[in-house]
Structures are given as structure tokens and as C-alpha cells.
2 protein chains.
Amino acid sequence: MTYALTMIEAEIFRALADPTRRAVFERLAAGEMSVSELRTGMTVSQPAVSQHLAVLRGAGLVVERRAGRNAFYRADPQGLAPLLSWIERYRTFWPERIERLKAVLKDMDQ
Amino acid sequence: MTYALTMIEAEIFRALADPTRRAVFERLAAGEMSVSELRTGMTVSQPAVSQHLAVLRGAGLVVERRAGRNAFYRADPQGLAPLLSWIERYRTFWPERIERLKAVLKDMDQ
DNA sequence: CAAATCAATAAGTGATGACTTATGCTTTGA
DNA sequence: TCAAAGCATAAGTCATCACTTATTGATTTG
């Protein structure tokens, strides 16, 4: 269970480690796009794009929608949740003044 | 300037992509440790540890303190700030959690 | 039906990265 | 002062990864 979470984390970190893949994710965050649309404006080949999409999909960062011979992809920002959780683990080590601010903000939200 | 930030982002993502390096960071988040202390409980060689530390240091994720022949390292959680900023770009898809963190980040930037 | 389009997969290649052992440099302590 | 400890760097090796071209499968269109 903890292991499974760690594995997802690992896939996310690995997926986002590549600059080209981050660029793909960022473009797909702006809106759904077909693979060929995504390819325009990129210097890499179509198979390279497909390969990047497969990695992002495996990490849960993008979702696919098929329509005829087209494949539309969009970013799934909720896929970033495990990454956020990972970062939040270290909030406890952040300076105390930030912790205090956090509490204040949390209070304000309610 | 935006470019510089992007480069730091890239280094952080790359640094955290490796599971061993994440483990090192996590251990150093628990408290300062010398390189040899860090090495105990790890399967890799001492040079490997030093190399990982150099990468983490380059990404701004750990800081070094030298004392005699010892080198003590500790995690710098503020080094994660650019990573949070990156995630924060997708906040429109994350109604509430990120909004709080955004304020925290703003404070950390000072 | 045939040709073209869209996308994934196959297979191979070069670059990058994580490791190793060997070595050097600095500091400590007997 | 000399040996050992602590750590970094050098250099080389092997695995992984991002890319390429070639091909295939599936769908649309002429």
C-alpha cells in the first residue's frame, strides 16, 4: 500500500524529469489536443510524442479520449496529487513561521 | 529570469527523479547527518553518496556544513519551493488546496 | 475498394546517467 | 610525524532513456 504509492510517486517524478514531457504536459493543461496537433510546434517525431504520452499516461498525468482515428489527450491535474502529497510531507520541516501562516490561512478558508 | 527559474525546475525534477536520491533527501529531512552516517544503511558506495549529494546540492535541495574532516548535510525544504510553484500553475484545476499553498509560497519567497 | 491520415508499436542507435574502483586531499589522533 | 578517517574527484562500465526510421493497425475519404 505504501509501496504502491511510492511506485506512483516514482513514475510521476520520472515522467516529469524530462523537459520535453513537461512541455507536453503543460500544453495539454491548456486544453485537450490530438496527437498531431500536439506534434505541430514540436521538433520531435510523431512516435516520440506518442512515447511521451504513454509515459505521462502511465504516471496518471494525462488521460486519453479516442474518436475515430484520432486520439485526444488532456492533462489530468489531479494526477499531480501524489506529488503534492510528497512535498507536503516536508512542510513539517519548514520554518515555524510558515507553519503559523499555514494555520492562519487554513482558518481563513473556513 | 524566467529561464533561470526553468533551469532550477529542471534540476529539481531531475534530482528527484532518482529513487536513491529521493531516499537521501528524505533521510536528510529528518535531520542533519554526515556523509558516513548517511552511508550506513545504504547499499551504495561512498562515492555514489557524494555524487548524489552533489546533485541534490546543485538543485538547492540540501545544504552542506563542513566541520573538520566531516561534511554534514541537511535537507533544505525551501528548495522545494520552485516545485510547488510549478504545481501551482495548475491551480485552476485544484480549487482549494493549492490556494493555501500559494500564500505559503509567497511568504517563502521573501 | 484504394489511397491517405492518424496513431501506436518495433527495432535499433547514441547520449545520458548511476554505479563501480582507484586515487587524492584534508583533518584527526596516537 | 605518520597512519587512519572522512570525503571528493577521476575514470571507466553498464544500464537506461530519448530519439530515430520502418512498419502496422485502424479509420476516413475519394
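Here the structure is a predicted model, which means the values were calculated and not measured. Proteins come first, then strands; the chains are lettered A, B, ... in the order of their sequence lines, and each starts at number 1.
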Counting the atoms with a prime plus P, OP1 and OP2 as sugar-phosphate, which does B/R66 contact under 4.0 Å by heavy atoms, base, sugar-phosphate, or nothing?
sugar-phosphate

Distance in angstrom units between A/L53 CG and C/dA7 C1', rounded:
10 Å

When the distance from CZ of B/F13 to P of C/dG17 is rounded to whole Å, what number comes out?
16 Å

Test side chain to side chain contact (heavy atoms under 4.5 Å, CB included) applied to A/L38 and A/L53, step by step
CA-CA 10 Å; A/L38 192 55; A/L53 288 169; 3.9 Å; yes

Distances under 3.5 Å between nitrogen or oxygen atoms of protein and nucleotides 14-18 of chain D:
unit_1: D/dC17; atom_1: OP1; unit_2: A/R14; atom_2: NE; d: 3.0
unit_1: D/dA18; atom_1: OP1; unit_2: A/R21; atom_2: NH2; d: 2.9
unit_1: D/dA18; atom_1: OP2; unit_2: A/R21; atom_2: NH1; d: 3.2

If hydrophobic clusters are built by linking Ile, Leu, Val, Met, Phe, Trp and Tyr wherever their side-chain heavy atoms come under 4.5 Å apart, do A/M42 and A/V62 end up in the same one?
yes

Starting at the 5' end of DNA chain D and moving along, which residue's nearest nucleotide shows up first, A/P47 or B/V49?
B/V49

A/L56 CG to C/dA8 P: how many Å, rounded?
12 Å

Heavy atoms, side chains only, cut-off 4.5 Å: are A/F25 and A/H52 in contact?
no

Just to be sure I understand the rule, does A/E37 reach a base, reach only the sugar-phosphate, or reach nothing, if contact means heavy atoms closer than 4.0 Å?
nothing

Taking N or O atoms only and anything under 3.5 Å, show me the protein contacts with nucleotides 24-30 of chain D, one pair per line.
none

At under 4.0 Å, does any side-chain N or O of B/S45 touch on OP1 or OP2 of C/dT20?
yes

Rounding to a whole Å, what distance do you find between B/R39:CZ and D/dA5:P?
14 Å

Report yes if at least one side-chain N or O of B/S36 is closer than 4.0 Å to OP1 or OP2 of D/dC7; otherwise report no.
yes

Expressed as a whole number of angstroms, how long is the span from B/M42:CE to C/dC19:P?
8 Å

Value in whole Å for how far the P atom of D/dC7 lies from CG of B/L38
9 Å

Taking only side-chain nitrogens and oxygens of B/N70, does any of them come within less than 4.0 Å of OP1 or OP2 of D/dA5?
no

Is A/A48 touching bases, backbone alone, or none of the nucleic acid, heavy atoms closer than 4.0 Å?
base

Heavy-atom closest pair, residues A/P82 and A/I8
CG-CG2, 3.7 Å

Roughly how far, to the nearest 0.5 Å, is the CG atom of B/L16 from the CG atom of A/L16?
11.0 Å

Minimum heavy-atom distance A/R27-A/E37, with the two atoms named:
NH2-O, 3.7 Å

Between B/Y73 and D/dA8, does any side-chain N or O lie under 4.0 Å from OP1 or OP2?
yes

Measuring from the side chain of A/A71 (C-beta onward, heavy atoms only), which nucleotide among C/dA7, D/dA22, C/dT20 has the closest atom?
C/dA7

4.5 Å side-chain heavy-atom contact, B/Y73 and B/V63
no

Looking at CG of B/D76 and CG of B/L56, how far apart are the two atoms once the value is rounded to the nearest 0.5 Å?
11.5 Å

Tell me, do A/R14 and B/F13 make a side-chain contact under 4.5 Å, heavy atoms counted?
no

